[in-house]
Amino acid sequence: MFRFLCKFNFRQMAKSQADFYHANGYLVLPNIISHQEIDKLLQRTHELVENADLVNNQMFFDTKNAPRGMSFLDTASKIGYLLEVGMIDEQGKLKVKDKKLALNKIGHAMHDLDPVFERFSYNNIFKAILQGVGYIDPILAQTMVIFKNQKFGTAVDMHTDNTYIISEPKLSCIGLWIALEDATKNNGCMYAFPKSHLTPTTYFNILDETRRNTTMIGQNPEYHKNYDPAKAECLEVTKGSVILLHGDLVHFSGHNHSTQSRHAYTLHFIEGHNNYWSKKAWLQRIPELPFQQYYKRVSEIDTF
């Protein structure tokens, strides 16, 4: 049974909350997941990392829009481990003893491959959130454990999720960003520009002609020239809080220079009603692991 706190009525989102989300492009739901459930996810993450061969299966994640390559593309249907750039020394070994400190993220299909992540990801509280903001038949396209390790956690530049999570004929991404630990100004919390979602995304990360690599197309918005970081909304949250992010919302996070890690778990959905996952998108599932209708899967898994 999935144990949530009672500060949020997960059976129905308040109209005022939904209105705020649609008006501003984001919504903070504080402390709605119990620490007990968060700790289960952290424990499972620790087990996965300890059993992973990070050295012989090296993948690095550059937050810049560099071509990704097949190793990255294959994580669409796997649990992939992506290292921070520069974490392997000249002898081909990790520069840190704690394997977790070398990681940037884990992704992108654990919600359909690992029982603990599946149980956490498909649940009635997320269903209620999605229904509350108007999703009719959502599809959970990808999930990630994002590591923002103490000292090592790199900054994530200004971007919109619709650049990477692409549906047709309508862009429809919504992100649920779950704080696995307290997120503060000091350790690299999220920042967002309210109402920036009113400007549609025009820049996309897609498969190139070979379908073995990625490329960027469209008009580069150069957010850093048009948005002043000092005017962004600081989204400091505590462990167990959830932040909703509209697919066109411009957001970013800074480098973690502190001594406290700031890990998060993210779920990215698209609308599947009269809409479909783009064949141009970088993330393409293998036929043996198709996307699932979220509400249907929740009814099969979540008995709360």
Side-chain angles (χ1 to χ4, degrees), residues 1-22 26-45 79 107-146 161 165 167 172-181 183 235 237-247 263-275 277 285 289-304:
M1 183 177 293
F2 211 66
R3 297 177 178 86
F4 290 95
L5 298 182
C6 298
K7 293 183 179 179
F8 175 65
N9 179 6
F10 72 85
R11 298 189 185 280
Q12 185 176 3
M13 177 182 282
K15 183 178 183 300
S16 60
Q17 293 171 318
D19 288 346
F20 184 95
Y21 169 78
H22 288 299
Y26 73 95
L27 176 67
V28 176
L29 299 172
N31 307 318
I32 65 170
I33 304 178
S34 74
H35 286 195
Q36 181 180 356
E37 295 301 331
I38 294 293
D39 290 343
K40 289 179 183 178
L41 208 64
L42 287 170
Q43 176 60 33
R44 182 56 183 154
T45 299
I79 301 175
H108 294 86
M110 60 271 272
H111 58 288
D112 286 330
L113 294 173
D114 182 84
V116 176
F117 276 91
E118 180 183 51
R119 182 69 182 81
F120 185 96
S121 303
Y122 290 96
N123 69 76
N124 276 307
I125 192 170
F126 299 153
K127 176 182 176 180
I129 290 171
L130 293 168
Q131 289 177 325
V133 295
Y135 279 74
I136 298 171
D137 185 19
I139 293 168
L140 179 51
Q142 73 166 30
T143 51
M144 298 180 290
V145 174
I146 300 177
D161 290 338
I165 310 298
S167 60
S172 60
C173 176
I174 182 173
L176 270 59
W177 190 98
I178 301 162
L180 301 181
E181 302 174 303
L235 303 180
V237 293
T238 54
K239 178 178 177 177
S241 299
V242 177
I243 303 174
L244 280 63
L245 301 168
H246 188 283
H263 303 325
Y265 182 55
T266 63
L267 305 90
H268 287 109
F269 300 84
I270 64 162
E271 176 61 81
H273 179 69
N274 294 330
N275 219 35
W277 185 254
R285 286 283 187 92
L289 192 71
F291 291 130
Q292 302 190 64
Q293 291 176 288
Y294 188 76
Y295 297 157
K296 179 182 178 182
R297 190 62 180 142
V298 168
S299 67
E300 295 168 347
I301 291 177
D302 198 320
T303 58
F304 183 69

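These values consider heavy atoms only, across backbone and side chains, with no hydrogens, waters or symmetry-generated copies. Remember, it's a predicted structure, so these values are computed and weren't measured experimentally.
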| So, F117 versus Y265, ring centres under 6.0 angstrom or not? | yes
| said: Between L140 and F291, is the side chain to side chain contact (heavy atoms under 4.5 Å, CB included) condition met? List the steps. | reply: CA-CA 7 Å; L140 179 51; F291 291 130; over 6 Å; no
| said: Looking at every non-hydrogen atom in both residues, tell me the closest pair between V237 and A179 and how far apart they are. | reply: CG2-CB, 3.8 Å
| Those residues that, when tested against H263, pass ring pair (Phe, Tyr, Trp, His ring centres under 6.0 Å) (two or more places apart) | F147
| message | Do I174 and H246 have side chains that approach each other closer than 4.5 Å (heavy atoms only, starting at C-beta)? | response | no
| request: May I ask you to say whether D112 pairs ionically with R285, meaning some side-chain N is under 4.0 Å from a carboxylate O? | output: yes
| said: Once ring pair (Phe, Tyr, Trp, His ring centres under 6.0 Å) is applied, do any residues pair with Y135, and if so which ones, sequence neighbours excluded? | reply: none
| query | Centroid-to-centroid, Y26 to Y21, below 6.0 Å? | reply | no
| Taking side chain as C-beta onward, heavy atoms only, is F269 less than 4.5 Å from L176? | yes
| Main-chain N/O of A14 paired to Q17 side chain as donor or acceptor, under 3.5 Å | yes
| request: Any chance you could measure E118, atom CD, to I301, atom CD1, to the nearest 0.5 Å? | output: 3.5 Å
| message | If you apply the rule side chain to side chain contact (heavy atoms under 4.5 Å, CB included), what do you find for E37 with K40, and how did you get there? | response | CA-CA 5 Å; E37 295 301 331; K40 289 179 183 178; 3.4 Å; yes
| query | Does the side chain of I243 come within less than 4.5 Å of L27's, by heavy atoms? | reply | no
| request: Report yes if the side chains of I38 and I178 come closer than 4.5 Å at any heavy-atom pair, otherwise no. | output: yes
| task | Take I33 and V242 through the side chain to side chain contact (heavy atoms under 4.5 Å, CB included) test and state the conclusion after the steps. | result | CA-CA 8 Å; I33 304 178; V242 177; 3.9 Å; yes
| message | Between Q292 and I139 (side chain of the first, backbone of the second, donor and acceptor by atom type, cut-off under 3.5 Å), is there such a pair? | response | no
| said: Please find the pair of heavy atoms, one from P30 and one from S241, that lie closest to each other, and give the distance. | reply: CA-OG, 3.4 Å
| task | Measure the CD-CG distance between Q142 and L267 for me, rounded to the nearest 0.5 Å. | result | 9.5 Å
| Side-chain donor or acceptor of D114 paired with backbone N/O of M110 under 3.5 Å | no
| remark: Nearest heavy-atom approach of S172 to N275 is OG-ND2, 3.2 Å
| request: Working to the nearest 0.5 Å, report the span between CE of M13 and CD1 of I125. | output: 9.0 Å
| query | Does any N or O in the side chain of N124 come within less than 3.5 Å of the main-chain N or O of K127, such that one atom is a donor and the other an acceptor? | reply | no
| said: For a quick test of reading the model, state the closest non-hydrogen atom pair linking L42 to L180 and the distance between them. | reply: CD1-O, 3.7 Å
| field | From CA spacing to verdict: side chain to side chain contact (heavy atoms under 4.5 Å, CB included), V298, N123 | value | CA-CA 5 Å; V298 168; N123 69 76; 5.5 Å; no
| At their closest point, which heavy atom of I136 faces which heavy atom of E271, and how far apart are they? | N-OE1, 2.7 Å
| query | Is the backbone N or O of H111 less than 3.5 Å from a side-chain atom of S121, with the two atoms forming a donor-acceptor pair by type? | reply | no
| Is the backbone N or O of V133 less than 3.5 Å from a side-chain atom of H22, with the two atoms forming a donor-acceptor pair by type? | yes
| query | Taking 4.0 angstrom as the limit, do K239 and D39 come out as a salt bridge? | reply | yes
| Minimum-distance pair of heavy atoms, taken over all atoms of D137 and Y295 | N-CE1, 4.4 Å
